[in-house]
Amino acid sequence: GIWLLRETLPTIQKIWKPICVQRESVYGSDIPKRLVRRLTPKETGRLQTVPEEKLEILINSEISDTQLYKMFGNGWTIDVIAYILSFINK
């Protein structure tokens, strides 16, 4: 449990330091609370397996980042849906 976290924390801090912001400690312990940075709309689209050329069109359009986050967050991963639908005709 907590002893493993305390032993591995220095390594975790080195790895995550570029994308984390230090905050106050959690519940008064000596383990610092971390806030991971927010994904960009492009990263979110990539996680949803949106093709790169279509992603560039969306990113460069007049659609706000908020709407892009909503679109990607409310969507289904394209590759997963393609896999599921591949069994319908069988």
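- Among residue pairs with one or both ends in residues 57-74, none qualify as salt bridge (Lys or Arg N to Asp or Glu O under 4.0 Å); sequence neighbours excluded.
- Residues passing the side chain to side chain contact (heavy atoms under 4.5 Å, CB included) test with S64, sequence neighbours excluded: T66, Q67.
- Pairing each heavy atom of V50 with each of K54, the nearest pair is CG1-CB, 4.2 Å.
- In this structure, the side chain to side chain donor-acceptor pair (under 3.5 Å) partners of E52, at least two apart in sequence or on a different chain, are R46.
- Counting only residues at least two apart or in different chains, ring-ring contact (aromatic ring centres under 6.0 Å, His included) contacts with residues 59-78 are absent.
- Looking at residues two or more places apart in sequence or on another chain, you find a side chain to side chain contact (heavy atoms under 4.5 Å, CB included) between I59 and P41, K42, L55, L68.
- Looking only at distances, a side-chain donor or acceptor of Q48 sits under 3.5 Å from a matching main-chain atom of G75.
- Shown here are the side chain to side chain donor-acceptor pair (under 3.5 Å) partners of T49, two or more places apart in sequence or in another chain: there are none.
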